[in-house]
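Quick note on labels: first sequence line is chain A, next is B, and so on, each numbered from 1. Since this is a predicted model, take the numbers as computed values, not measurements.
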Amino acid sequence: MLIDVDKCYGCMACVVACAAETNVPLGSFRTWIEHLVKPDGTRIFVPKQCNHCDDPPCVPPCPTGATYRTADGLVLVNDELCIGCGACVKACPYGARYMNPVKGVADKCTFCDHRLAAGLLPACVEVCPTGARIFGPLHEDNELSRTVRGRPVQVLKPHTGANPQIYYLSLPDEVNR
Amino acid sequence: MLEYYFPNEAAEPLLWHPVLFAYTLLVSGADLLILAALAYLAGSLRKAIPLMTMLGIAFFAVVLAGPLADLRSPQRAHLIFANPQIVPTAAHPGISLTAFQTIAWLIALILSVLFALLTFSYHSHQASLSSTGFKRSFYRLFSLGVTTAEKYSVVEKVAKVVAVLMLPFLVLWGIYPASLFLLQTWNPVWRSWALLPVTYFADTFVVATALFMLVYFLWRYRAWEREVVVPVLKIHAAGSISVAALTGLQMAVWWFWSPSTAEMVSPLVPLMYAVIALLMLSFFLSLVAIRYHAVILAVSLVAMAGTFVNKWNITINSQLISKTGLAFLEAELKGAWLLETISPIALGVAVFLVLSMLFPLEVMESGK
């Protein structure tokens with residue numbers, strides 16, 4: 001996924017669509033928007049979520065293999081194997097995971113894998129009014145792969161070595177935390 | 001400090017509850033088995049080995065009760081044994097320290113029980129000679145057929161092999177919580193606390209010896225034996241000064257080499273000073289107690305206070321620092337958290353009491 005920070009104006013449609021689509025418990029977030037006010041008064045909105053990392057730090061600590069990486073590069077949780085130890089929540093450098101108090105398991109963004117299976121886009125991508133989020137397979141020729149190859153993109157916390165698969169355009173250093 | 005944290009952190013700032021604190025204490029108490037194995041291999045502290053072994057086994061047997069109480073889906077806890085994440089694959093890269101340690105726990109527990117049975121075998125036979133009825137049958141069973149001193153000398157060699165085998169697993173357990181914090185979390189405090197595993201390892205000797213001295217004091221009151229107390233005090237003194245020094249060294253590393261980390265950990269610093277002070281005091285009291293044994297209760301209590309503060313600071317307070325490193329969150333302890341925290345330790349004490357009724361806590365040098 002690519003997120004163009006310049007196009008986001010903080011309407012929260014993605015946050016609401018995600019919560020409605022995936023039944024996110026109150027107080028927890030699969031995606032959220034961080035708001036930065038620069039000294040010159042410029043307002044910047046940065047959507048964040050699970051980065052579906054290539055080397056996900058959340059997968060190795062899982063004692064039962066409930067957290068896994070699919071061949072398509074999604075990082076998912078198998079609810080039937082999750083014991084709710086919270087190791088993956090502690091291991092995620094991005095604060096993208098939470099314990100689902102209803103299900104008693106770790107929870108996170110799935111890129112709406114149920115929608116992908118039906119040929120649809122993730123809810124947050126589909127609902128974005130400015131097209132700030134672009135989704136697609138990186139190995140194919142599409143807008144996402146062309147942008148990632150052709151323009152200077154950033155990722156969050158590159159020092160973790162997690163190889164995040166969410167790329168940003170115009171990401172300010174102040175929110176790269 | 002700029003207040004900046006992730007929204008999911010605010011939803012549950014204290015993900016691992018205080019029962020984790022009790023768990024790390026149990027791990028350290030269980031590491032009396034390390035002392036028992038080392039003493040057995042070195043041929044020293046023979047009189048203290050039974051008490052160390054029984055206390056160690058009692059705490060080690062219940063050590064998983066802590067994390068079990070903290071699971072959100074404990075009904076699936078058996079999956080750690082049934083489906084352990086210890087072989088990396090494309091879908092599951094890496095090895096889970098938790099799964100590895102759970103398997104190691106089972107192996108170490110079996111070896112520890114075997115070690116206890118072997119070392120107690122001849123003593124059980126001797127106990128059976130002076131018992132009647134059920135007790136006689138019980139001690140006969142646990143004598144494992146070792147009815148002569150000659151047979152026992154062979155068993156002692158086997159026990160030494162078992163002691164060697166169980167040591168690596170027990171040492172891994174001694175540093176397990178620290179290595180999990182350091183290697184498999186992205187908590188910025190744990191991640192930057194490079195000395196945490198070695199501090200935990202030194203701390204196991206502090207807790208183990210403090211626990212031993214407390215129980216020894218309660219059991220023998222003032223009839224202490226110098227050959228038991230003095231070596232334990234020396235180990236305790238070495239452990240206490242090591243933990244105090246390692247804690248101070250880690251603070252110095254942060255201050256001199258990473259000012260941003262030093263600023264981030266500032267909410268933890270007051271208790272780190274308290275840890276250093278209490279363990280230094282315990283160190284000096286240990287030296288005094290070598291001459292004046294009446295002080296050993298104070299040594300034990302001061303060391304335990306230092307360890308409680310240290311483990312609370314590391315396991316609970318450190319969790320409250322955001323992954324951004326830019327906020328110190330607040331958490332309200334809810335429900336019967338104190339009861340939940342004490343229960344695993346109380347279970348360990350209960351197991352010890354049962355074991356102490358069944359097996360001798362002290363044997364003579366001659367094997368009686």
Aromatic plane relationship, B/F181 with B/W190 - under 30° parallel, 30 to 60° tilted, over 60° perpendicular: parallel
Heavy-atom proximity to chain B below 4.5 Å, by part of A/A71: neither
Parallel, tilted or perpendicular: rings of A/F111 and A/H52 (30°, 60°): parallel
Heavy-atom contact with chain A under 4.5 Å, split by part of B/I95: backbone
Side-chain ion pair, A/E143 and A/R149, N-O less than 4.0 Å: no
Chain A contact via B/A91 - which portion, at a heavy-atom distance below 4.5 Å: both
Engaged part of B/P7 at the chain A interface, taking heavy atoms whose separation is under 4.5 Å: both
Most chain B-contacting option - heavy-atom pairs closer than 4.5 Å, from A/K90, A/K48, A/R69: A/K90
Residue A/E80 versus chain B: region with a heavy atom under 4.5 Å: backbone
Max heavy-atom pair count under 4.5 Å with chain B, selected residue of A/C92, A/P25, A/C88, A/A66: A/C92
Electrostatic pair A/K103-A/D79, nearest N-O below 4.0 angstrom: yes
Best-contacting candidate, B/H78, B/E9, B/H92, against chain A by heavy atom pairs under 4.5 angstrom: B/H92
Exercise: do B/T307 and B/N310 side chains pair donor with acceptor under 3.5 Å: no
Top contributor to chain B interface from A/G27, A/G65, A/G104, A/P93 [non-hydrogen pairs under 4.5 Å]: A/P93
Salt-bridge contact A/E126-A/R115 (side-chain N to carboxylate O under 4.0 Å): yes
